[in-house]
Amino acid sequence: FLNWLYGVTLVALGRQRLEAIGLAIGLVVGLAVAYASIRPLGALGISLSILSAEGVFFVIGTVAMWPHFHWQRLAPALSKIFLACAASGLVFAGGHLLWTRFFASPPGSTAAGSSLNALVELVVVGASGLAACAAMLLLLRTFDADEMTGIKAMVPKLRRGRA
């Protein structure tokens with residue numbers, strides 16, 4: 001989410017009250033989702049609550065900043081990013097379903113065994129989702145040459161030519 005940028009920009013534009021209202025609404029929504037989803041979904045419920053809270057502020061920030069965007073330049077890149085995120089979400093959802101089907105802790109297993117299983121699932125499925133997002137961003141040629149130069153400068157292995 002661009003929420004940090006939205007927050008700074010709203011304050012710079014003198015709209016800090018809108019930022020505070022957005023953060024408060026996001027907090028309430030995040031807590032409500034946490035209350036409803038943590039018990040049945042566990043760690044996934046926590047993720048959904050954070051995503052919901054950030055999503056609310058993102059929508060409020062986007063609406064507030066709408067007139068300031070250069071949509072002709074942003075729309076193609078944003079649509080590619082959206083597709084990459086959707087692919088990543090499908091990998092997360094599919095990975096979770098497959099993991100729980102084939103690697104779920106047996107009923108009555110110890111809490112330590114269940115926690116270890118959840119941690120390994122998080123690492124395996126999380127890495128797969130991240131890889132899917134990165135692959136889609138590259139396959140869709142989301143970044144121009146200057147942006148790729150910046151990305152390579154931030155990632156040491158790519159800078160050394162090992163990618």
Who are the side-chain hydrogen bond (donor to acceptor under 3.5 Å, both in side chains) partners of Thr62, not counting sequence neighbours? Tyr6
Quick check on the hydrophobic clustering: are Val56 and Ile21 connected, directly or via other members, by side-chain heavy-atom contacts under 4.5 Å? yes
Is there a donor-acceptor pair closer than 3.5 Å between any side-chain N or O of Glu147 and the backbone N or O of Asp144? yes
In chain order, what residues pass the side-chain hydrogen bond (donor to acceptor under 3.5 Å, both in side chains) check against Glu121, with sequence neighbours excluded? His96
Nearest heavy-atom neighbours spanning Gly30 and Ala53: CA-CB, 3.8 Å
If you compare all heavy atoms of Val91 against all heavy atoms of Ala132, which two are closest, and at what distance to 0.1 Å? CG2-CB, 3.6 Å
Any sub-3.5 Å donor-acceptor pair from Ser49's side-chain atoms to Val33's backbone N or O? no
Under 3.5 Å, side chain of Ser37 to main-chain N/O of Gly45, donor-acceptor pair present? yes
Share the residues that join Tyr35 in a hydrophobic cluster, the rule being Ile, Leu, Val, Met, Phe, Trp or Tyr side chains under 4.5 Å apart at the heavy-atom level. none
What's the spacing between Leu122 CG and Ser47 OG if we round to 0.5 Å? 8.0 Å
Do the non-hydrogen side-chain atoms of Leu138 and Met148 ever get within less than 4.5 Å of each other? yes
Single-linkage hydrophobic cluster Val63~Trp4, side-chain heavy atoms < 4.5 angstrom: no
From CD1 (Ile60) to CG (Leu18), nearest 0.5 Å: 6.5 Å
Considering all heavy atoms of both residues, which atom of Ala64 and which atom of Leu10 are nearest to each other, and what is their separation? CB-CD2, 3.8 Å
Once you round to the nearest 0.5 Å, how far does SG of Cys133 lie from CG of Leu83? 10.5 Å
Ile46 and Leu27: same hydrophobic cluster, using ILVMFWY side-chain contacts below 4.5 Å? no
Going hydrophobic residue to hydrophobic residue with side-chain gaps under 4.5 angstrom, can you get from Phe82 over to Leu130? no
Side-chain heavy-atom pair His68, Leu13 within 4.5 angstrom cut-off: yes
Between the main-chain N or O of Leu140 and the side-chain N or O of Lys80, is there a donor-acceptor pair closer than 3.5 Å? yes
I need the Phe58 CZ to Leu51 CG distance, nearest 0.5 Å. 11.0 Å
Take a 6.0 Å sphere around NE2 of His70 and say whether it holds more than 12 heavy atoms from other residues, nucleotides or ligands. no
What's the shortest heavy-atom distance between Ala77 and Thr142, and which atoms? O-CG2, 4.1 Å
Verify the cluster assignment for Val11 and Phe57: are they in a single hydrophobic cluster under the rule of side-chain heavy atoms below 4.5 Å apart? no
Heavy-atom side-chain proximity of Trp99 to Val120 below 4.5 angstrom: yes
For Leu23 and Glu19: C-alpha separation, side-chain torsions, deciding distance, then whether side-chain contact (heavy atoms from CB on, under 4.5 Å) applies. CA-CA 6 Å; Leu23 290 171; Glu19 180 198 19; 4.0 Å; yes
